[in-house]
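In the text below, chain A, chain B and the rest are named by the order of the sequence lines, each starting its count at 1.
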Amino acid sequence: MDVDAGPLDVGVVPFDRGARVAVAALAGGKAADARIHAAADVAADERLRPGARIVWQDAKSAAPVLLDAGVPIDRVRDVRLVHRILVEARSLPLEERWARSLRTDAEALFSLAPEAEPLDALAEQLRLQDAAIGDDAGLAMLAGAESMGALVAVELGREGLPFDPARHDALLEDALGERPTATGRPRRMEALAAEVRSALGDASLNPDSPQEVLRALRRAGVDVASTARWELREQDHPAIEPLIAYKRMARLHTANGWAWAHRWARVDDRGRCRLAIEYVPGGVVTGRWATEGSGAMQIARQIRGAVAAEPGMRLVVADAAQLEPRALAALARDEALAEAGRGADLYQALVDRGVVDTRTHAKLGMLGALYGGTTGESAVVLPRLARAYPRAMAAVEGAARAGERRERVRTWLGRASPEPPRWRDDERGGRQARAWGRFTRNFVVQGTAAEWALAWMAGVRRAIRDVDGAALVCFLHDEVIVQAPAERAAEVAEAVQEAAALAGRTLFGAFPIEFPVQTAVVGDWGQAK
DNA sequence: AGAGCATGCGCC
DNA sequence: AAAAGGCGCATGCTCT
């Protein structure tokens with residue numbers, strides 16, 4: 001092996017449904033020395049050594065083959081995801097070949113012959129992307145972070161989230177009452193349904209039907225226009241309390257109840273019960289991830305205790321405190337806000353510095369700044385924040401005004417907001433313009449926070465690589481969970497915090513912004529915070 | 001019967 | 001009918 005060779009781009013194309021893999025060096029838009037391997041032998045290709053940049057059409061179809069073969073991967077380019085970013089960033093002419101490659105999905109790749117052609121195509125795409133990125137350090141970093149994120153997503157999906165069905169069952173019975181034997185509602189839900197029916201004098205009422213409930217409420221003299229909780233709360237009628245309680249239970253029952261667990265929990269080949277979670281990197285326009293199917297990014301707090309460490313293991317639950325305000329301070333280069341963030345609680349710092357009078361007001365004001373609040377308490381506190389942190393406020397205000405003018409805005413690393421929809425030049429159009437402005441205002445902050453989270457996760461992945469038995473098992477925007485052997489959990493917790501600091505420096509250089517991470521080493525997720 | 005929308009609510 | 005950004009999902013309900 002020539003250890004003096006420079007960084008090598010290595011293209012990987014699986015075919016025959018992953019039974020075989022084509023590997024080639026990519027340079028100058030060409031694939032060189034293509035070799036075909038049986039999937040199990042691919043690790044023997046010495047070009048796939050640490051330090052090489054592995055290039056694939058998309059992680060979902062290509063990564064499993066390499067992961068199964070035990071190929072260490074530490075740099076990667078996901079051509080599909082980076083393509084999307086670059087097209088949106090308008091750094092690239094929309095050439096026909098790009099449009100074509102967008103349509104090349106995983107299935108199409110599988111059906112391609114193992115000839116050089118797909119590898120050449122990959123090489124050409126890589127060349128075009130690198131040319132488009134040029135010397136834009138932000139886009140280069142974003143391309144790397146997005147690609148590594150896609151790999152982490154595949155790894156998370158393969159790992160699954162440790163899940164204890166017995167605990168889940170107990171938590172549900174506690175919240176909803178005894179589970180029904182056949183069809184029908186859990187006991188406490190059924191009791192509440194009966195209470196609602198009796199209070200509204202409608203023995204056949206289906207409490208799951210908003211229309212029926214609305215009609216019944218109005219018949220009973222309750223003046224509401226919907227059955228939304230916020231509206232019900234303002235009413236005084238004996239049906240209201242059980243109805244709200246019922247709806248809360250119904251939500252848990254349908255979203256994270258027994259059927260949900262049955263659908264998404266699986267027992268892997270080592271006898272461990274895990275929730276199968278398919279993450280979709282870049283699934284949200286801002287760059288946040290989404291999930292496909294399981295709703296795993298919305299798991300109700302009430303049942304998080306069912307996510308439990310396996311024997312001999314602990315969960316390291318880590319969440320980044322006030323990530324978005326910190327992302328805002330950094331992208332706006334607001335030294336004063338960054339200074340307030342020096343410490344674990346940015347909101348409390350605003351109180352201590354006399355900017356606002358209570359922590360709740362600090363939070364409300366910040367939410368208003370990030371989302372564009374114009375009413376209520378948030379609007380009252382906002383001017384105080386604007387006076388104390390003019391740079392941060394100018395950044396979000398600027399993004400909002402740009403959006404209203406139909407301009408596209410960018411995150412810190414350069415992800416562009418989507419093309420705005422059309423709106424008329426009338427009052428309704430004005431409302432739409434302001435709504436779009438609220439979106440672009442939030443886009444720059446949410447998107448930048450998502451970029452930080454990608455960098456954080458890449459760092460966590462690297463940091464736990466040498467901790468035998470440790471694995472990332474969950475990601476939730478500003479929170480990660482690592483399962484680790486009990487005796488090494490404390491060490492992992494520290495590494496996760498260091499990775500956060502490193503992510504901050506990677507994105508924002510010497511700008512003095514801190515990203516404190518709260519960690520808890522616990523037996524189950526319900527014990528964290 | 002299935003597609004697609006509306007409602008409502010959980011998460012960040 | 002929500003005020004204020006981003007989602008996903010279950011259910012009811014209407015339209016085809």
Trainee: Looking at R251(A), E195(A), R185(A), which one forms a side-chain hydrogen bond (donor to acceptor under 3.5 Å, both in side chains) with Y246(A)?
Mentor: R185(A)
Trainee: If I take atom CD from residue Q348(A) and atom CZ from residue R353(A), how far apart are they, to the nearest 0.5 angstrom?
Mentor: 10.0 Å
Trainee: How far does the C1' atom of dA4(C) sit from the matching atom of dC5(B), given to the nearest Å?
Mentor: 24 Å
Trainee: Between D208(A) and W230(A), just flag the one whose closest nucleotide in DNA chain C comes earlier from the 5' side.
Mentor: W230(A)
Trainee: Q446(A) side chain: which of dA10(C), dA4(C), dG6(C) is closest?
Mentor: dG6(C)
Trainee: May I ask you to evaluate whether R438(A) reaches the phosphate of dG5(C), defined as a side-chain N or O under 4.0 Å from OP1 or OP2?
Mentor: yes
Trainee: Give the nucleotide from the list dG6(C), dA4(C), dT11(C) with an atom nearest to the side chain of V285(A).
Mentor: dG6(C)
Trainee: Could you measure the distance from the CE atom of M249(A) to the CD1 atom of I244(A)? Nearest 0.5 Å is fine.
Mentor: 12.5 Å
Trainee: To the side chain of Q298(A), which of dG6(C), dG12(C), dC7(C) is closest?
Mentor: dC7(C)
Trainee: Between F475(A) and Y279(A), how do the two ring planes meet: parallel, tilted or perpendicular, split at 30° and 60°?
Mentor: tilted
Trainee: For R431(A), is there an ion pair with E427(A) - N to carboxylate O distance below 4.0 angstrom?
Mentor: yes
Trainee: Please determine whether a side-chain nitrogen or oxygen atom of S209(A) lies at a distance below 4.0 Å from atom OP1 or OP2 of dT11(C).
Mentor: no
Trainee: Which part of the nucleic acid does Q211(A) contact within heavy-atom distance under 4.0 Å: base, sugar-phosphate only, or nothing?
Mentor: sugar-phosphate
Trainee: Once you round it to whole Å, what is the distance between C1' of dC9(C) and CD1 of I303(A)?
Mentor: 14 Å
Trainee: How many Å lie between NZ on K363(A) and P on dA4(C), as a whole number?
Mentor: 19 Å
Trainee: Within the stacking criterion (centroid distance below 5.5 Å, interplanar angle below 30°), does Y371(A) stack on dG5(C)?
Mentor: yes
Trainee: Rounded to the nearest angstrom, tell me the gap between atom CZ in R233(A) and atom P in dA3(C).
Mentor: 15 Å
Trainee: When rounded to the nearest 0.5 angstrom, what is the spacing between CZ in R233(A) and CH2 in W230(A)?
Mentor: 10.0 Å
Trainee: For atom P, what is the distance between dA1(C) and dA6(B), given to the nearest Å?
Mentor: 11 Å
Trainee: Please list, in 5' to 3' order, the outermost nucleotides of DNA chain B lying under 4.0 Å from any heavy atom of chain A.
Mentor: dG8(B) to dC12(B)
Trainee: With a 4.0 Å cut-off on N to O distance, would you call R326(A) and E514(A) a salt bridge?
Mentor: no
Trainee: Considering only side-chain heavy atoms of A225(A), which listed nucleotide, dG6(C), dA1(C), dG12(C), is closest?
Mentor: dA1(C)
Trainee: I want to verify a distance call: between dA4(C), dA1(C), dG12(C), whose nearest atom is closest to the S378(A) side chain?
Mentor: dA4(C)
